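For reference, the structure discussed in these notes is given below.
What you see is a predicted model; the values in this text were computed from it and never measured. Residue numbers start from 1 in every chain, and the chains themselves are labelled A, B, ... in the order their sequence lines are given, proteins ahead of strands.
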Number of protein chains: 2
Amino acid sequence: MALKDYPQPSVTVDIIIFSLKEKKLQVLLVKRDKEPFKGKWALPGGFVRIDESLEEAAKRELHEETGIKEVYLEQLYTFGGLKRDPRGRVITVGYFALISSEDIEKIKLRASADVSDVRWFSMQKLPELSFDHDKILAYALKRLKWKFEYTTVAFSFLPKKFTLTQLQEIYEIVLNKELDKRNFRKKILSLGILKTTKEKKKDVSHRPPELYTFTGRIGEIVEIISKIGS
Amino acid sequence: MALKDYPQPSVTVDIIIFSLKEKKLQVLLVKRDKEPFKGKWALPGGFVRIDESLEEAAKRELHEETGIKEVYLEQLYTFGGLKRDPRGRVITVGYFALISSEDIEKIKLRASADVSDVRWFSMQKLPELSFDHDKILAYALKRLKWKFEYTTVAFSFLPKKFTLTQLQEIYEIVLNKELDKRNFRKKILSLGILKTTKEKKKDVSHRPPELYTFTGRIGEIVEIISKIGS
DNA sequence: TATTATAGTGTATCTTTTACAATATTTAAA
DNA sequence: TTTAAATATTGTAAAAGATACACTATAATA
């Protein structure tokens, strides 16, 4: 059987780009400039080219919309239902990316081919989405929470040097619950994945907090959170 | 842009079918009857048809080789490297399936199109595999172990009624370590996912063990194993 | 009835998690 | 210079969960 003996599905990648801006979990969406779903918001994505791997395709999409290249990127799931695209049979491989607060500053969002607008949306105020992107996004959120509890992905949201309060804050935002400060610190420090720089954060008008760096591997499995406090 | 404006990758599913036979973890492989890799062993799989979802394709492949339909089936990962298939650009979506000891008896393995032989291989004695199937299989094994520690997938290997010793045995095989009997039972029973039938296993020539049934949802996340004993 | 083979059970110790509030350090204002 | 404001930092006792460890129970069979 040759590869082209019968009709084949098309393949796209869609990428869920999360960041924490203004103490909220946000996702990057693009406004479609072509049918189908012209004028509607969607996850950034596009067809996989014949000469690029899936991950390369995801990175290319990420770069096209944001201009950045080095981020945490992970394959999420492959969605292959028959009716997900009105144009025909399209299978999409979802990826999710986490952007650090450092990179967020640098990013210049830019529309690209077939896209008339790009912007961040708070996960609490999402617009109606194209295709099955609402399901894909819901799945990504579930995975993100899980990853926060069981791995070290959280650090991909932080700059190189950060305070324990900043770390706790992002946990509280993503897990959507308050954590006890003493227990959180005890637990995190006991994991042996942080090293104190001896510097202190300088631009605050109160007791300056100590800065730490992460010494583990991002995404490594570590049981971070049991329940921790209230 | 129309769907066919430029060359698209082909899409296959490959399925990792695990079972426990003769107290060993085994995987079902097929012997390829066509190029590429003619005469070599490979994971069962094939092209996704235009009119079937990914999961349907995986179920079809499963059914073609084994004749069974109802098993635990889960999407594993999508492998999309450029050089994984010498025929050209082929993306494959991996699925893994777990077959219960009940079903194992019923199965009649059967060769199908492009397949000259089908058989179970112990994970300890694998043949050389085609394509990147060695990597896919290694990934599947890692996932299986993880699922045993954190979810209830283990029960998909067991018949409806089973003894605690049988349950412990499959944990020991898959995790490849001995567990303490008292701690294992204490932990499993404390999860509240088992119900005792009042029957006892009858065909043994010693004290007959009690039979239990699983009352949870297969695959549900539950922290089964901390470390449990030696 | 004695043997064989596996089923079934309890407890003390250690580790981890939880709940909970006072002191320390800096800047800025009085 | 002192005081107020803001956030950082720290400890402990109780509860829950994990671990290590060995003997008794029950049925079939010799």
Could you state the CZ-P distance from B:Phe162 to C:dT6, rounded to the nearest angstrom? 20 Å
Expressed as a whole number of angstroms, how long is the span from A:Asp203:CG to D:dT7:P? 13 Å
According to salt bridge (Lys or Arg N to Asp or Glu O under 4.0 Å), does anything in residues 122-133 of chain B pair up with another residue at least two apart or in another chain? List the pairs. B:Lys40-B:Glu128, B:Arg84-B:Asp132
Among all residues two or more places apart in sequence or in another chain, which pass the side-chain hydrogen bond (donor to acceptor under 3.5 Å, both in side chains) test with A:Tyr72? A:Glu74
Check whether any side-chain N or O of B:Thr152 sits under 3.5 Å from a backbone N or O of B:Arg217 as a donor-acceptor pair, and report yes or no. yes
Check the side chains of B:Ser122 and B:Gln26 for a donor-acceptor pair under 3.5 angstrom, ignoring hydrogens and angles. no
If I take atom CD in residue A:Glu210 and atom P in nucleotide C:dT25, what distance separates them, rounded to the nearest angstrom? 13 Å
Tell me every residue that passes side-chain hydrogen bond (donor to acceptor under 3.5 Å, both in side chains) with A:Thr151, counting only those two or more places apart in sequence or in another chain. none
For D:dG11, does OP1 or OP2 lie under 4.0 Å from any side-chain N or O of A:Arg182? no
Atom-pair distance (CG on A:Asp180; P on C:dT16), nearest Å: 18 Å
Separation of C:dT18 atom P from A:Arg185 atom CZ, nearest Å, is 18 Å
Gap between atoms CD and C1', on B:Glu169 and C:dT6 respectively (whole Å): 12 Å
What does A:Thr165 touch in the nucleic acid at a heavy-atom separation under 4.0 angstrom: a base, only the sugar-phosphate, or nothing? sugar-phosphate
List for me each residue that meets side-chain hydrogen bond (donor to acceptor under 3.5 Å, both in side chains) alongside A:Glu220, sequence neighbours excluded, and say none if there are none. none
Can you check the A:Glu223 CD to D:dG17 C1' distance for me, whole Å? 13 Å
Nucleotide N/O to protein N/O under 3.5 Å, stretch nucleotides 27-30 of chain D:
none

Let's test your reading of the model: under 3.5 Å, does the base of C:dT11 pair with the side chain of B:Lys186 as donor and acceptor? yes
Please report the distance, rounded to the nearest Å, between CD in B:Glu178 and P in D:dA20. 13 Å
Pairs involving residues 94-103 of chain A, ordered by first then second residue, that meet salt bridge (Lys or Arg N to Asp or Glu O under 4.0 Å) (sequence neighbours left out): A:Asp103-A:Lys106
Phosphate-side-chain proximity, A:Lys187 and C:dT16, N/O vs OP1/OP2 below 4.0 Å: no
